[in-house]
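I have a structure here, written as C-alpha cells, and I will follow up with some questions on it.
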Protein chains: 2
Amino acid sequence: MYHSEKMLREKGIKVTPQRAAILDVLRDTREHPGVEVIYQRVKKQFPSISLATVYKTVELFVRSNLIQELCLTGDVSRYDARVESHPHVACMNCGKVEDIDNFDMEYIIEPAEQATGYKILKEEIMYFGYCGDCKGVMDN
Amino acid sequence: MYHSEKMLREKGIKVTPQRAAILDVLRDTREHPGVEVIYQRVKKQFPSISLATVYKTVELFVRSNLIQELCLTGDVSRYDARVESHPHVACMNCGKVEDIDNFDMEYIIEPAEQATGYKILKEEIMYFGYCGDCKGVMDN
DNA sequence: ATATAACTGAAAAACATTATTAATTAGTTT
DNA sequence: AAACTAATTAATAATGTTTTTCAGTTATAT
C-alpha cells in the first residue's frame, strides 16, 4: 500500500482516505490513467467517491508535484506518479502510453534556453507510433 | 495571400473560400492559435462562418498534414501551419507558444525506437518556462 | 473533546467538441 | 453555359469533459 499518506503529509496536504487512495492508484500502475479510469479504480474502495473529487485531487497533486500531467492530442489528460522528467511513447492504434526510461534529458534543456531566451522549468517529450503488438496489425 | 488554394488542390481537398481563409490565417501567424482565435480572425472576412466549420476544417487539415496540432496541458488544442517536426516552448505566465527553429531532431527518433520497440512516426517536444518578458516579472 | 478550516459528494453550470440537418456551393458532366 | 451530384456550410442540438457551488462531514490543531 506504499507510503502515500506520508507523501501527502510531507507536502503539507491534508490527508484523507480518498486522497491516499487516488495516489495509491497512480503509484500502483504504469498505465498513465485519465481521470475516469482513476475514478473507476478508487470506486472499488470508496463506492461513494465523486468524480469531482478525483478532478480536484489530481489538480492538487499536479500543483504539489506529486504527479505529472501528460497531454495527448485528441485524448483526455493522463497522469503519471513518476514526476522526474522522462519521455513517453503513445501507440496511435491501441492508445496505450508507456514510459521511456534511462533517457538522459539534461542535455536537452540548455540548448533550448540558449535558443529561446526562456527560463525553462520542464519539458514534455511525447513520441507517437505503433507499439510492438499493433505494428504488425497495421501492415494490412 | 499565399497560395493556400493551390495547397488545398494539391491535397485533393475541395477548395472553398472558408477553407482557404482558415489556411491563410494559420500560414500568416506564428502564434499557434486555437480554434476560437482562428474563428475570430476568419470572421472578419466571413462574418457568417460557423465555429463548427472551423472545427471540421482544422481536423481535415490535420488529417491531410497541412497543419499540425499542438497539445498543451490545461489549454485548448493549438495549430501550427509548419508541419515539419520542431520543438515548441510555452510561457507558463502569458501563455504564448513559440517555435524553436534549427533543432536537429532526427537523432532523437532512432534511440526511442530502439528503447521501446515501437515504430515511431512523429514526436512532440514541448518546453515549459517563462519567456523573456515574463521571467523578470516572476522574480517578485 | 472542541473548534475551525478544509474536504467531500452531489448537482448544476460552464466549457469544448462533435453530430445533425436543410440549404447552398464546388466541381463535374453534358 | 446550364444542369447534376456530391460535398460543404451555418445553425443548432447533443455530447462529453471539467469546473463551480454548497450543504454536510471530516481531519487536524488546540
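Here is how names work: the chains are called A, B, and so on, in the same order as the sequence lines, proteins then strands, and each is numbered from 1.
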Distance test, side-chain N/O of S48(A) to OP1/OP2 of dG9(C), below 4.0 Å = yes
message = What is the distance, to the nearest angstrom, from the CG atom on L23(A) to the P atom on dC7(C)?
response = 15 Å
inquiry  = What is the distance, to the nearest angstrom, from the CD1 atom on I49(B) to the C1' atom on dT25(C)?
reply    = 14 Å
ask   = Any side-chain heavy-atom pair from E113(A) and Y118(A) closer than 4.5 angstrom?
value = no
query = What is the nucleic acid contact for T53(A), judged by heavy atoms within less than 4.0 Å: base, sugar-phosphate only, or nothing?
reply = base
remark   = Between P17(B) and V35(B), whichever has its closest DNA chain C nucleotide further toward 5' is V35(B)
inquiry  = Taking the two cysteines C91(A) and C131(A), do their sulfur (SG) atoms come closer than 2.5 angstrom to each other?
reply    = no
ask   = Between dA26(C), dA27(D), dA16(C), which one does the side chain of T16(B) approach most closely?
value = dA26(C)
task = In whole angstrom, give the distance that lies between atom NZ of K43(A) and atom P of dT8(C).
result = 17 Å
query = Of the non-hydrogen atoms in V97(B) and A90(B), which two are nearest, and what is the gap between them?
reply = CG2-CB, 4.2 Å
message = Whole angstroms only, please: what is the CD-C1' distance between E69(A) and dT18(D)?
response = 11 Å
task = Can you figure out which of dT8(C), dA10(D), dT8(D) approaches the side chain of K14(B) most closely?
result = dT8(D)
ask   = Any salt bridge between E31(B) and K96(B), counting N to O under 4.0 Å?
value = no
query = Expressed in angstrom and rounded to an integer, what is the separation of D75(B) atom CG from dT19(D) atom P?
reply = 12 Å
query = Counting any heavy atom closer than 4.0 Å, what does Q18(B) reach on the DNA or RNA strands: base, sugar-phosphate only, or nothing?
reply = sugar-phosphate
task = Round to a whole Å and report the spacing from CZ of F46(A) to P of dG9(C).
result = 9 Å
task = State whether Y55(A) places a side-chain N or O below 4.0 Å from either non-bridging phosphate oxygen (OP1 or OP2) of dT18(D).
result = yes
Nucleotide dA6(C), atom P - distance to CZ of R9(A) in whole Å = 17 Å
request  = Could you tell me the separation between the CG atom of L26(B) and the NE2 atom of H32(B), rounded to the nearest 0.5 Å?
outcome  = 10.0 Å
message = Can you say whether a donor on the side chain of K56(A) sits under 3.5 Å from an acceptor on the base of dT21(D), or the other way round?
response = yes
message = Using heavy-atom distances to pick each residue's nearest nucleotide on DNA chain C, tell me which of R19(A) and E59(B) is more 5'.
response = R19(A)
task = Can you tell me the distance, in whole Å, between the CG atom of L51(B) and the C1' atom of dT17(C)?
result = 9 Å
ask   = Given that I13(B) and A52(B) both sit by DNA chain D, which one's nearest nucleotide is further toward the 5' end?
value = I13(B)
